[in-house]
Amino acid sequence: MTRANGTGGSSAAATAAEKVHEEADDLDAEDGMRGGDCRDSSSSSAGVAAAAAGAVEAPDGGWGWVVLAATIVVLALTLAFPACIGIFYNDLQNEFDATNSETSWVPSIMTSALHAGGPLCSVLVERLGCRTTVMLGGVLSGLGMAASSFSQSVVQLYITAGVITGLGFCFSFQPAVTILGHYFVRRRAFANAMSSTGTALGLCTLPFLGNYLHTELGWRGSFLVLGAVLLNCCVCGAVMRPLAAPERRGPPLMNHGPPPEVDEIGKKEEGGRMRRFCSRLVASLSKHMAFDQLRHNPRYCALAVGITWMMLGFVVPLVYLVPYATAHGMDQSRAAMLLSILGLVNIVVRPPFGIIFSMPWFKERHVYVFAGALLVNGLSNSICCVGPGFPVLAAYVTIYGLSMSVVGSLMFTVLMDVVEMRRFPSALGLLAIMESVTLLVGPPLAGVLIDRTGQYFHVFFACSVIVASSAVFLMVAFYWLDARDRKLSKRGQASAPPEPTRPSVDLAPDCQYRSVPTEGDKDKDKANGAENASSI
């Protein structure tokens, strides 16, 4: 891709502009023949022309490095934070006289809300933009943790530390990852791997900070200070400026009214209002929930099922690692050090992994590397069954951290490989909704298992089986899909594209960060075109 500040950028941009203007004129003429709303064609032409002019092309550097740094901090304060709750686990149990199952609902609801708020976050991004949404999430999570320091029951903690703080994490985390994908195209795998070090940075620093605050201030004072720390997400959101400048007042960016066919039916039939309402509801769900991907994109469907099952046991070991160690006589400071070792391994390993996975050889093999690392991650949980000693648990967190580094580095890259970038926000939102179900029930089920057996190692063994089985499923599913595509290509047939080229409903709403065609999207379009030509 030609950079905007390159020496040949002006001539390339001019040539691209001429081509895009011609395509836009063809689209306008086609829309006119179909009787579509002229406002749609004019707005799409303006957006495409802006992209051709170089104003919204991914810089793959420049201010993108600042956005990357901000994303790292956001991920450190959001994704890694639920694991920090394990330090206060025993205090919450003693304070509210709660069982393991009741106490485990606090980090479980927090993590579930972090993922389940995806569609609502998508709506906020459409209305407010990525920058404002990230800052709103910082305010919400900070207020939630501050309010939880005044809780008088475990149920109040479910609302303050669970729902409110978790939604704040969602509003900060998902827009940060989305806008990073628009800032980087050629270096996307490297940028995603580097951003995932934020989770490792949080795992490395937050346990030390939480343990220090716990010693000095107790759990209530610690929650109050941690709420102030979470307000730093507002600073990170402030630097995430959109690639495209806000549109001037004029024709609307998209037609928010019902399709013309529904208008005609509404005039002729009495049931037109209900049909218009249903049409708008379907359009809204299509924007923010990628149900069409589940129907027409088998790779996304397989990935969503595998990751959803994986999340049932992926984060549970992080919640129960510190209680497991302290229950067998280990000092709490040494137990917190285990999480810091885990974070340190991630910090050291993820940057070189990001460079390695950016190599061309890995381009078509990201999902297999991801599944292989997931298999190692699941099997590593069995090490905890050997014993609760510090050397054994240190070896466990080292192996777990190495495999977790690969999983975290490739999570969003694999998702961006199976869906087009313009569908990434909605695909991520639907995947987050599916994950939230298993993330919600995972820790409480583990708590019930501990309450009934009185042993922690059963939890780690169960997590080992769940995560390893999800890895095997992903390997088998994608291998079968690749074999099917190769067989179809040999027969001269083409598999159906995952989604129509021009949907009847605008599935990618315009907002402050415009979904710009990237090199990856262009390659997918070319591939789809080649497949259609071969089938003809």
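Count residues from 1 along the sequence.
- Residue F461 qualifies as open at atom CZ: its count of foreign heavy atoms under 6.0 Å is 12 or below.
- Using a 3.5 Å distance cut-off with no hydrogens or angles, the side chains of W309 and S469 do pair a donor with an acceptor.
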Next item on the list: Show your working on side-chain contact (heavy atoms from CB on, under 4.5 Å) between V74 and M240 and close with a plain yes or no.
Entry: CA-CA 11 Å; V74 169; M240 294 179 179; 4.2 Å; yes

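- Side chain of S148 to main chain of A161: no donor-acceptor pair is present (N/O by atom type, distance under 3.5 Å, no hydrogens or angles).
- Partners of S403 under the side chain to side chain donor-acceptor pair (under 3.5 Å) rule, at least two apart in sequence or in another chain, are N377.
- Distance check, rounded to the nearest 0.5 Å: CG of D451 to CD of E102 gives 8.5 Å.
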Next item on the list: Assess whether side-chain contact (heavy atoms from CB on, under 4.5 Å) is satisfied between V406 and V369, documenting all intermediate values.
Entry: CA-CA 8 Å; V406 181; V369 178; 3.8 Å; yes

Show me the donor-acceptor pairs within less than 3.5 Å that the side chains of residues 163-173 make with the rest of the protein, sequence neighbours left out.
unit_1, atom_1, unit_2, atom_2, d
T165, OG1, M145, N, 3.3
T165, OG1, T160, O, 2.9
S172, OG, V134, O, 3.1
S172, OG, G138, N, 3.2
S172, OG, G168, O, 3.3

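- Taking every heavy atom of both residues into account, G401 and L342 meet most closely at CA-CD1, 3.3 Å.
- Atom CZ of R365 has more than 12 heavy atoms from other residues, nucleotides or ligands within 6.0 Å.
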Item checked: Intermediate values then yes/no, ring-ring contact (aromatic ring centres under 6.0 Å, His included), Y368 and Y479 -> CA-CA 9 Å; Y368 296 106; Y479 180 81; 7.3 Å; no

Next item on the list: Output, in order, the C-alpha distance, side-chain angles, deciding distance and verdict of ring-ring contact (aromatic ring centres under 6.0 Å, His included) for F96 and W219.
Entry: CA-CA 12 Å; F96 302 112; W219 75 269; 5.8 Å; yes

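- A pairwise comparison of heavy atoms in G313 and I466 identifies N-CG2, 4.0 Å as the closest pair.
- In this structure, L143 and L230 have side chains that are not in contact, with every pair of non-hydrogen atoms separated by 4.5 Å or more.
- By the 4.5 Å heavy-atom criterion applied to side chains, V139 and C234 are counted as neighbours.
- Rounded to the nearest 0.5 angstrom, C463 SG and L312 CG are separated by 7.5 Å.
- I433 and A116 make their closest contact through CD1-O, 3.0 Å (heavy atoms, listed as atom of the first residue, atom of the second, distance).
- Not one N or O on the side chain of S112 forms a donor-acceptor pair closer than 3.5 Å with the backbone of S108.
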Next item on the list: Dump the intermediate steps for salt bridge (charged side-chain N to carboxylate O under 4.0 Å, His left out) on D485 and R299, then the final yes or no.
Entry: CA-CA 12 Å; D485 291 343; R299 296 179 187 275; 2.5 Å; yes

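- Taking the side chain as every heavy atom from C-beta outward, V349 and L402 approach each other to under 4.5 Å.
- V472 has its side chain within reach of L375: a pair of non-hydrogen atoms, C-beta onward, lies under 4.5 Å apart.
- A distance of 12.0 Å separates CG of L410 from CG of L415, quoted to the nearest 0.5 Å.
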Note to self: With side-chain contact (heavy atoms from CB on, under 4.5 Å) as the criterion, how do V459 and V316 come out once you've worked through the C-alpha distance, each side chain's angles and the decisive distance to 0.1 Å?
What the structure shows: CA-CA 8 Å; V459 172; V316 171; 3.5 Å; yes

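- A donor-acceptor contact shorter than 3.5 Å links the side chain of S149 to the backbone of A146.
- The closest side-chain heavy-atom distance from H115 to L439 is below 4.5 Å.
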Check: Could you go step by step and tell me if M310 and I307 meet the side-chain contact (heavy atoms from CB on, under 4.5 Å) rule?
Finding: CA-CA 5 Å; M310 171 199 78; I307 292 181; 3.9 Å; yes

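- In terms of heavy-atom proximity, A191 sits nearest to L180 at O-CD2, 3.9 Å.
- Atom-to-atom distance recorded for Q93:CD and T103:OG1 is 4.0 Å, nearest 0.5 angstrom.
- Y324 and Y456 have tilted rings, their planes meeting at an angle from 30° to 60° on a 0 to 90° scale.
- With sequence neighbours left out, V73 forms a side chain to side chain contact (heavy atoms under 4.5 Å, CB included) with L77, C236.
- At a threshold of 4.5 Å between non-hydrogen side-chain atoms, the residues F150 and Q156 do not count as touching.
- Residues L303 and V418 approach most closely at CD2-CG2, 4.0 Å, considering heavy atoms.
- When all heavy atoms of R131 and G237 are compared, the pair lying nearest together is CG-O, 3.0 Å.
- L157 places none of its side-chain heavy atoms less than 4.5 Å from the side chain of W105.
- Taking 4.5 Å as the limit, some side-chain heavy atom of M194 sits within range of a side-chain heavy atom of L68.
- In this structure a side-chain-to-backbone donor-acceptor pair under 3.5 Å is present from T438 to E435.
- One finds the CG atom of L114 at 10.0 Å from the OG atom of S436 (value rounded to the nearest 0.5 Å).
- Of the possible polar contacts, one joining the W63 side chain to the V239 backbone as a donor-acceptor pair under 3.5 Å is found.
- Ring geometry, Y400 versus Y396: the interplanar angle falls from 30° to 60°, so the pair is classed tilted.
- Here C130 contributes atom SG and Q174 contributes atom CD; the two are 10.5 Å apart, rounded to the nearest 0.5 Å.
- Side chain of S464 to backbone of F460: no donor-acceptor contact under 3.5 angstrom is found.
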